[in-house]
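One structure is given below, encoded as structure tokens.
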Amino acid sequence: MSQQISNFINIKKSAFVNQWLKTSSAIASEVDKSKLDHSISDARNALLALQKKDGHWCFPLEADCTIPAEYILMMHFMDEVDVVLENKLARFIRDQQDMRHGGWPLYYGGAFDLSCSVKSYYALKLVGDSPDAAHMVRARSAILSHGGAARANVFTRLLLAMYRQIPWRGVPFVPAEIILFPKWFPFHLRKVAYWSRTVMIPLSILCSLKAKAVNPRDVHISELFTVPPEKERNYFPVRTSLNRILLYLERIGSWLEPLIPSFVRKLALRRAEQWMVERLNGECGLGAIFPAMVNAYEALALLGYDYDHPYRKQCRLALQGLLVDEGERAWCQPCTSPVWDTVLTCLALQEDREADQRPVLKALDWLIPNQILDEPGDWRAARPDLPGGGWAFQYANPHYPDLDDTAAVAWALHQGDADTYRHSLTRAANWLAGMQSTNGGFAAFDIDNTHYYLNEIPFADHGALLDPPSSDVTARCTGFLAIHGDQQHQEAIKRGLDYLFNEQEANGAWFGRWGSNYIYGTWSVLEAMRLVNIDKNHMAIRRAVHWLKSVQRDDGGWGETNDSYFDPQRAGQFEVSTSFQTAWALLGLMAAGEAESPAVERGINYLLKTQCTNGLWAEPWFTAPGFPRVFYLKYHGYSKYFPVWALIRYRALSERKAA
């Protein structure tokens, strides 16, 4: 109770100070309307120039150097080396090495990451970089100082086992028989996230058949180990008491593997193969994500599929489709983001109702046939009688529609022309409501994917095996269901709001699962509160507003480091402001009724003064986690459409008040 009183006093104090600032500093923070109009015009024209001929947008999606390094390793694994390509990828990897610590980080400016550095070093050595080259010496020194390659994560060690750099006892036991486990078993495919399923099944084939990389140049990395790999006895540091128990059980299973009857192994391999082939997903690949696609490509080869077999060709084209060729260098995306980029650009441009909406309607028409209606999908295991209605994140991924994308697309369709798109909206709303988890929240892909004990199995040292509900996805689903307005969804909306109120942090912010981090989560929830029409004086909203204002930087912008996923005390803090996080904070404040506040005016002025000559914004910072503390992403579109969204909304609210 005392904490609530303290929060209330701080909010009132902040309101008083802000009112005083508004009165005494209005001139200093006033936004130049002419400059605002010019900025919006330039940005809008620049965005429209990037629209594809068929109406959609798709911007590059960048991850750390693990992905391009694994592409090189995959080519050498299969003995399908494209020398020109591997050298372009190697240039990119070299460029990303951080001279402060000598290795490779998980995101731009981040700390040294052992696993990413081991893979990057090995990839460069495969390409032909001498271990005596200065950049390789620096990297090797950093790797050894952090315990060497034996301390790398599970996925890295699995790759090293297949390259025969470490013994198989140094990796978790991932037998193909996992696909035979019954639903009641403590581990079952339905109990882990979609990305875990699509990665694990082809990986189980590779592990069961003890895959061996071709490694045509016979390159090894024994210099990255502090103890010879065959003598290493500490491949599995114990994380928790439960992890210790599960590790013992897993080791026992590994020792007993030779006793598995051959007919059981054959059955398991056949079932795993069938599962994988059913989900190959054409030229978008298994799960439409790079790690699953690589595992599938290698597994198909191990199962005897020829190089020219249609399945192998599909996988190969899917992997090649992720490459971004910049001329002298190239890199590989973890996946593509056309639906997400398209809908967020639409939402930004829809804020300007006076502007020509034909490009937006063209984009919405592109989205309609991408709705996943009657196709089979893993989500149907939990909701077999629920009609489909979602959208995937990528060009095609019918087994795995995404609730976040679905809610955002439906939001844009509703704003575009609710009557024209009524059928699609109804299917989307009913599907979303049917995918609500027991606790009232919404996850990205699954329902009640909360078997947290599974994060303690040896395979899950990354802690990202599950897909539990999150505030940002719940906010968008709840917000759309509210504006859709179907009476049958009122209980789902109430439960969604209850979940959000319960998830608010003590400081007033919300955690951001799919965007960096608390600024993103707080914007997402405040936007939902606006759509649901929650009273702007609600204590949860005032607390969030207070927090956003408290972390505004001196230059008027906002920024937040991805280190906040490691240390929540760094929520809303960074060495610089960023355009996308400034836009999120502004959109959140305006959703909470703060359009006239000095904080918003200062934020708008920050965006105006940092706009590039091409009409958009650009910066090197990564914008989102794929998996917090494990894998991060840079959506190249975030610095383009989010600032435009904030500027257009500000102008619209200002003009509405003036009228």
Side-chain angles (χ1 to χ4, degrees), residues 178-179 181 183 188-202 271-293 295-296 311 314-315 318 335-340 343 367-410 423-438 441-451 465-470 473-474 476-477 480-481 492 514:
I178 60 175
I179 201 164
F181 290 168
K183 298 174 188 176
H188 188 271
L189 286 180
R190 292 186 186 179
K191 295 179 179 179
V192 299
Y194 117 73
W195 54 82
S196 300
R197 271 170 261 153
T198 56
V199 168
M200 288 178 72
I201 292 303
R271 290 272 185 88
E273 177 184 354
Q274 291 169 346
W275 190 96
M276 179 179 67
V277 167
E278 178 190 337
R279 293 162 177 78
L280 280 182
N281 192 29
E283 292 182 11
C284 282
L286 176 62
I289 52 175
F290 176 84
M293 291 153 63
N295 288 347
Y311 293 161
Q314 285 178 31
C315 289
C335 63
T336 57
S337 54
V339 172
W340 192 236
V343 68
L367 288 165
I368 291 298
N370 286 293
Q371 189 172 23
I372 300 164
L373 300 174
D374 301 317
E375 295 86 342
D378 284 9
W379 61 270
R380 293 183 184 276
R383 294 289 188 271
D385 299 323
L386 178 66
W391 276 266
F393 180 80
Q394 305 91 345
Y395 284 104
N397 198 7
H399 270 81
Y400 305 107
D402 180 335
L403 278 73
D404 210 4
D405 282 78
T406 300
V409 170
H423 177 71
S424 293
L425 287 168
T426 299
R427 291 292 295 263
N430 291 339
W431 184 73
L432 286 172
M435 293 292 289
Q436 189 170 29
S437 289
T438 302
F442 295 82
F445 300 93
D446 290 296
I447 302 168
D448 294 329
N449 199 246
T450 53
H451 302 278
L465 202 66
L466 307 175
D467 178 24
S470 65
V473 179
T474 300
R476 261 177 291 284
C477 294
F480 164 67
L481 290 175
W514 297 99

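Sequential numbering from 1 along the given sequence is applied to the chain's residues.
- Here the two rings, on Tyr194 and Phe445, have centers that are under 6.0 Å apart.
- The two residues Ala492 and Ala433 make their nearest non-hydrogen contact at CB-CB, 4.5 Å.
- Here the CZ-CH2 distance, from Arg190 to Trp379, works out to 13.0 Å after rounding to the nearest 0.5 Å.
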* Chi angles and distances behind the side chain to side chain contact (heavy atoms under 4.5 Å, CB included) call for Val409, Leu367 -> CA-CA 8 Å; Val409 170; Leu367 288 165; 4.1 Å; yes
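- The SG atom of Cys315 sits 7.5 Å away from atom CE of Met276, with the distance rounded to the nearest 0.5 Å.
- For the pair Ser437 (side chain) and Pro469 (backbone), a donor-acceptor distance under 3.5 Å is absent.
- With values rounded to the nearest 0.5 angstrom, Leu280 atom CG is found 10.5 Å from His399 atom NE2.
- Taking Glu375 as the reference, nothing meets the side-chain hydrogen bond (donor to acceptor under 3.5 Å, both in side chains) condition, with sequence neighbours excluded.
- Checked by atom type and distance alone, the side chain of Asn449 never pairs as donor or acceptor with a backbone atom of Leu466 at under 3.5 Å.
- For the atom pair CG of Asp467 and CG of Leu403, the computed distance is 8.5 Å after rounding to the nearest 0.5 Å.
- Using a 4.5 Å heavy-atom cutoff, the side chains of Phe442 and Ile447 are not in contact.
- Of all the heavy atoms in Cys335 and Ala288, the pair that sits closest is CB-O, 3.1 Å.
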* Going through the checks in order, is the side chain to side chain contact (heavy atoms under 4.5 Å, CB included) test met by Arg427 and Leu373? -> CA-CA 8 Å; Arg427 291 292 295 263; Leu373 300 174; 3.7 Å; yes
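- Between Tyr400 and Arg279, the closest side-chain pair of non-hydrogen atoms falls below 4.5 Å.
- The nearest pair of heavy atoms linking Val199 to Pro291 is CG2-CB, 3.9 Å.
- Rounding to the nearest 0.5 Å places CD1 of Ile179 at 8.5 Å from CD of Gln274.
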* Asked: Do His423 and Ile368 pass the side chain to side chain contact (heavy atoms under 4.5 Å, CB included) test, and can you show the C-alpha distance, the side-chain angles, and the key distance before you say yes or no?
  -> CA-CA 10 Å; His423 177 71; Ile368 291 298; over 6 Å; no
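- Taking both residues in full, the closest heavy atoms of Arg383 and Met435 are given as CG-SD, 4.4 Å, listed atom of the first, atom of the second, then distance.
- With Asp405 contributing its side chain and Trp391 its backbone, the two residues share no donor-acceptor pair below 3.5 Å.
- Checked options Asp374, Asn281, Asn370; the residue passing with Pro398 is Asn281 (criterion: side chain to side chain contact (heavy atoms under 4.5 Å, CB included)).
- Taking each heavy atom of Ala410 and Ala428 in turn, the nearest pair found is CB-CB, 4.1 Å.
- Atom CG of Leu189 and atom CD1 of Ile178 lie 5.5 Å apart (nearest 0.5 Å).
- Under the 4.5 Å side-chain criterion, counting only non-hydrogen atoms from C-beta, Pro387 is not in contact with Asn430.
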* To do: Would you please test Gln394 and Asp402 for side chain to side chain contact (heavy atoms under 4.5 Å, CB included) and show each step?
  => CA-CA 10 Å; Gln394 305 91 345; Asp402 180 335; over 6 Å; no
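- At distances below 3.5 Å, at least one donor-acceptor pair connects side-chain atoms of Gln371 with backbone N or O atoms of Gly389.
- With salt bridges taken as basic N to acidic carboxylate O contacts below 4.0 Å, one links Arg197 and Asp446.
- Contact of the Pro202 side chain with the Leu286 side chain is registered, since non-hydrogen atoms from C-beta on lie closer than 4.5 Å.
- No side-chain heavy atom of Ile372 sits under 4.5 Å from any side-chain heavy atom of Trp431.
- Side-chain contact check for Ser470 versus Trp514: some heavy-atom pair is nearer than 4.5 Å.
- Smallest separation of non-hydrogen atoms from Leu432 and Ala407: CD1-CA, 3.9 Å.
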